[in-house]
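Order of listing sets the numbers, starting from 1, for every ligand and every atom in it.
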Amino acid sequence: MTSYVFITGGVVSSLGKGITSACLGAILEARGLTISMIKLDPYINVDPGTMSPFQHGEVFVTHDGTETDLDLGHYERFVRTARGGRHSNYTTGRIYESVIAKERRGDYLGATVQVIPHITNEIKESVEKGAGDADICLVEIGGTVGDIESLPFLEAIRQMGVELGHDRVVYVHLTLVPYIPTSSEIKTKPTQHSVKELRSIGIQPDILVCRSEKPLPSDERKKIALFTNVPEKSVISAYDADDLYKIPAMMHEQGLDGIVARQLGLDLPEADLAEWDAVVEAKQNPTAEANVAMVGKYMDLKDSYISLVEALQHGGIHTRTRVNIHFIESADVEEAGIECLSDMDGIVVPGGFGDRGIEGKIQAVQFARENDIPYLGICLGMQVAVIEAARNMAGLAGAMSTEFDKETPHPVVGLITEWQDASGDVEERDEESAMGGTMRLGAQAVTLTEGSLAAKSYGSTEIVERHRHRYEVNNNYRDELSKAGLLFSGLSVDDLVEMVEIENHPFFLASQFHPEFTSNPRDGHPLFKSFIAAVRQHAEGELPKAAEA
Ligand code: GLN
């Protein structure tokens with residue numbers, strides 16, 4: 001029988017509710033429990049697949065190909081048993097879509113369809129589906145208590161508390177305890193108000209997690225407990241950590257997992273956080289340092305590439321390398337020149353959509369290839385590597401992806417429907433559909449060429465990785481590109497290009513899939529480990545430096 005922990009947030013958004021939930025999952029898992037994790041998002045979009053990275057940060061893709069909120073990435077990075085999927089992320093839009101479909105089918109037998117009970121029942125059923133058969137299901141409610149949009153979700157979780165009882169439901173509330181520098185004071189009032197708001201809709205939190213700059217002094221902890229009707233030991237101080245991976249230990253030291261276990265009547269072994277300690281130890285004691293440039297779009301929005309940034313850091317943890325990531329706007333490379341990449345030990349071109357800065361990305365690939373700088377291309381980063389090879393290795397002037405130039409003389413990347421059509425006609429493309437249902441999404445098998453850098457990195461020739469893209473390398477150009485020196489080292493079961501590499505280069509590897517979605521700090525990821533190992537060698541001068549080349 002699954003028990004539930006509901007995590008709400010108050011005072012302000014962006015307190016790190018996703019990370020807090022993930023860390024709570026981690027310490028409960030460290031006590032031998034299986035965990036499932038759900039994110040409920042109050043916005044009306046059916047899923048975040050069509051949302052701009054400016055609005056919403058990265059779209060995280062689960063194993064089954066669901067486009068979800070980036071918090072699901074935190075969950076998978078922190079909790080091994082929590083593998084997200086279709087039932088792990090529900091938005092208001094998705095809940096209403098389902099209720100309206102039922103109403104149209106006549107499932108409600110003529111009843112007046114209302115928020116209570118129809119919407120709330122739909123939410124409860126969705127949560128139960130997402131919980132699966134895990135020991136504990138952690139459910140994070142997006143937004144801030146007091147928002148109009150989140151009310152139906154809060155009402156649904158309130159009802160679950162009544163229906164399942166206090167020994168199967170725990171409410172955790174995350175708040176902000178600000179420090180006012182002018183008066184040197186810590187302020188508990190916003191927390192008091194936020195809990196009052198939550199209680200006014202019928203939810204008494206069992207645990208408060210208070211975000212603050214410094215550890216919460218005991219007087220303030222007492223005061224918060226008194227005013228919120230929460231036991232003092234259940235007021236947890238989540239102070240700013242210099243390292244994300246220290247948070248599980250920080251929470252465990254204050255007894256958070258024990259408080260949850262006690263309320264749920266679970267008699268559990270001690271938490272084993274040795275792996276987390278090892279991650280922190282490795283991160284804090286690097287034996288080398290290296291510079292990696294990430295050349296893409298939205299570079300001032302680090303959240304757009306959060307899984308990739310994390311995966312590069314995991315590569316650093318597993319090679320004891322401090323990885324300094326430099327975010328470089330590809331449009332700036334076009335304008336200001338490629339010199340900004342000269343001091344780099346590695347270059348990454350991440351996934352992306354839209355043509356802004358595309359030439360800058362192609363230039364970055366060329367620079368990495370010609371100067372023996374380790375290169376890792378992800379999705380669009382592989383497509384630009386193919387375009388660069390076509391133009392500068394195979395001499396196919398004007399080669400391009402049809403995503404960016406429909407008239408290109410050499411459509412080396414295009415929609416399958418474009419290049420499988422022998423006439424070579426490029427169809428009119430609908431701008432909107434570039435971000436929609438026609439994408440190749442989710443985990444698929446890839447076969448790697450024996451002896452290739454890809455196969456050596458993975459230590460296997462059969463892998464499974466996640467996808468999110470529409471355009472494919474045009475198979476009609478494969479022979480010509482192979483002859484020019486591009487190795488197609490990974491192929492899908494349906495013979496689509498999954499990985500490319502260049503043999504006489506220290507490390508030049510690119511994938512159509514997104515390996516970053518399956519990297520986690522404890523295990524690292526084979527591709528990122530081998531990339532960062534090459535980056536480290538470059539930094540240590542074991543590979544030719546760009547300046548000397
Ligand atoms: N825009 C490219 C495509 O749709 C690449 C997508 C990506 O990098 N995620 O194929």
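Heavy atoms of R468 found under 4.0 angstrom from ligand 1 belong exclusively to the backbone. Contact annotation: for H514 versus ligand 1, heavy atoms closer than 4.0 Å belong to the side chain alone.
Every atom of ligand 1 with a heavy atom of E403 under 4.0 Å away is listed here by number and element: 1 (N), 2 (C), 3 (C). Within ligand 1, the atoms closer than 4.0 Å to a non-hydrogen atom of R470 are 3 (C), 4 (O), 10 (O), numbered from 1 in the order shown.
At least one heavy atom of Q383 sits closer than 4.0 Å to an atom of ligand 1. Contact annotation: E472 has no heavy atom less than 4.0 Å from any atom of ligand 1.
Looking at S511 and E465, their side chains never bring a donor and an acceptor atom within 3.5 Å of each other. Between the side chains of T449 and S489, no donor-acceptor pair of N or O atoms lies under 3.5 Å.
Taking each of G354, C379, G296 in turn, the one with a heavy atom nearest to atom 7 (C) of ligand 1 proves to be C379.
For the pair Y471 and ligand 1, the shortest N or O to N or O distance falls below 3.5 Å. Here's the thing with L380: one of its N/O atoms is less than 3.5 angstrom from an N/O atom of ligand 1. For a threshold of 3.5 Å applied to N or O pairs, the pair formed by G352 and ligand 1 contains at least one separation below that value.
Judged as a side chain to side chain contact (heavy atoms under 4.5 Å, CB included), and not counting sequence neighbours, the contacts of V59 are E67, R468. In terms of the ring pair (Phe, Tyr, Trp, His ring centres under 6.0 Å) criterion, Y96 has no residue partners (sequence neighbours excluded).
Across T402 and P411, no two heavy atoms sit closer than the pair CG2-CB, 3.6 Å. The two residues P409 and Y477 come nearest to each other via the heavy atoms O-OH, 3.6 Å.
For CD of E503, the number of neighbouring non-hydrogen atoms (other residues, nucleotides, ligands) closer than 6.0 Å is 12 at most.
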